Visitor: 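First, the structure itself, so that you have it in front of you.
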Amino acid sequence: LANAIDGETLFLGGIEVQLIGIDAMESDQMCLDRSGTEYACGRAATRGLQDLVAARPIVCLPLFTVSKLRIVASCNLLPEGTSPPRGRDEFIAANRRNSLSGRMVRDGHALAVGIGTQYLEQEEATAQRERVGIWQGPFEPPWSYRSRRD
């Protein structure tokens, strides 16, 4: 079981796990909704990830280490009644439909970045077309927000 630290990071077994391929809205970031009203899109991203992992098992494939207590990984929701994948190939096969990175992009809480632009383009296009989350109104990309804020 995991807890969301923000919209792209989990705390799992004493380790911070950054989800690969996404950049979520910053925790203190504000966006505009359909009517032009400001809302806390950063808190919505954190809440969105927490809702996905709340009381649901997840399985992560560590990809690389950032520090002793921080890794970057691809993480999947484990569907109810299924057992964890028995290896990397099974994990990858289940990744598309169960990916936490994919869900965060599809729910409009994060943007695809880096390698995510290749494997999450369909999820991002769907979120934009359906105008969910950040796509319901104007927003500043999180990397731009961080640069301006810092």
Side-chain angles (χ1 to χ4, degrees), residues 1-33 38-120 122-124 126-128 130 132-136 139-150:
L1 297 179
N3 284 309
I5 295 173
D6 57 31
E8 64 193 43
T9 313
L10 298 171
F11 189 70
L12 179 63
I15 304 286
E16 282 188 26
V17 179
Q18 182 177 345
L19 299 176
I20 189 151
I22 66 171
D23 195 356
M25 300 297 112
E26 291 295 307
S27 295
D28 61 343
Q29 192 169 351
M30 303 296 282
C31 299
L32 298 178
D33 65 14
E38 211 173 47
Y39 78 100
C41 56
R43 279 188 292 208
T46 303
R47 195 171 45 254
L49 184 55
Q50 184 60 40
D51 289 348
L52 285 172
V53 302
R56 292 183 67 187
I58 64 166
V59 62
C60 295
L61 177 64
L63 300 169
F64 56 89
T65 302
V66 176
S67 70
K68 187 175 179 179
L69 297 175
R70 186 170 174 84
I71 65 168
V72 175
S74 179
C75 297
N76 291 350
L77 294 168
L78 190 59
E80 197 170 322
T82 63
S83 54
R86 290 186 298 269
R88 183 183 55 129
D89 293 338
E90 279 188 23
F91 179 90
I92 291 169
N95 191 46
R96 187 76 178 180
R97 64 186 173 277
N98 300 319
S99 164
L100 285 176
S101 294
R103 286 290 302 270
M104 290 301 290
V105 170
R106 190 169 44 251
D107 292 345
H109 296 305
L111 297 170
V113 296
I115 194 166
T117 58
Q118 295 171 12
Y119 76 92
L120 296 172
Q122 182 180 351
E123 287 83 352
E124 192 165 89
T126 299
Q128 189 173 11
E130 295 177 0
V132 297
I134 58 174
W135 297 104
Q136 62 183 303
F139 65 90
E140 182 175 12
W143 54 86
S144 174
Y145 177 79
R146 281 191 302 275
S147 173
R148 189 175 51 78
R149 181 188 65 190
D150 296 340

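Because the structure is a prediction, the values reported are computed rather than measured.
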Visitor: As a test of understanding, state which of Leu12, Ile58, Val66 forms a side chain to side chain contact (heavy atoms under 4.5 Å, CB included) with Val17.
Guide: Leu12

Visitor: How long is the gap from CG on Leu19 to OG on Ser101, to the nearest 0.5 Å?
Guide: 4.5 Å

Visitor: CD of Glu8 to CG of Asp23: how many Å apart, nearest 0.5 Å?
Guide: 5.0 Å

Visitor: Hey, could you give me the CG/CG distance between Leu49 and Asp107, rounded to the nearest 0.5 Å?
Guide: 10.0 Å

Visitor: Considering only NZ, NE, NH1 and NH2 on the basic side and carboxylate oxygens on the acidic side, decide whether Glu140 and Arg148 come within less than 4.0 Å.
Guide: yes

Visitor: Residues in salt bridge (Lys or Arg N to Asp or Glu O under 4.0 Å) with Asp6, at least two apart?
Guide: none

Visitor: Between atom CD1 of Ile134 and atom CG of Leu32, what is the distance when rounded to the nearest 0.5 Å?
Guide: 12.0 Å

Visitor: Can we say Glu123 and Arg103 salt-bridge, meaning some charged N sits less than 4.0 Å from an Asp/Glu carboxylate O?
Guide: no

Visitor: Would you call Arg43 and Asp28 a salt bridge, taking side-chain N to carboxylate O under 4.0 Å as the test?
Guide: no

Visitor: As an exercise, state the distance from CD1 of Ile15 to OG1 of Thr65, rounded to the nearest 0.5 Å.
Guide: 8.5 Å

Visitor: Grab the two heavy atoms, one from Val53 and one from Leu10, that are nearest each other, plus how far apart they are.
Guide: CG1-CD2, 4.1 Å

Visitor: In Å, rounded to the nearest 0.5 Å, how long is the span from SG of Cys41 to CD of Gln29?
Guide: 4.5 Å

Visitor: Could you tell me which non-hydrogen atom of Ala24 sits nearest to which non-hydrogen atom of Ala110, and how far apart they are?
Guide: CA-CB, 3.7 Å

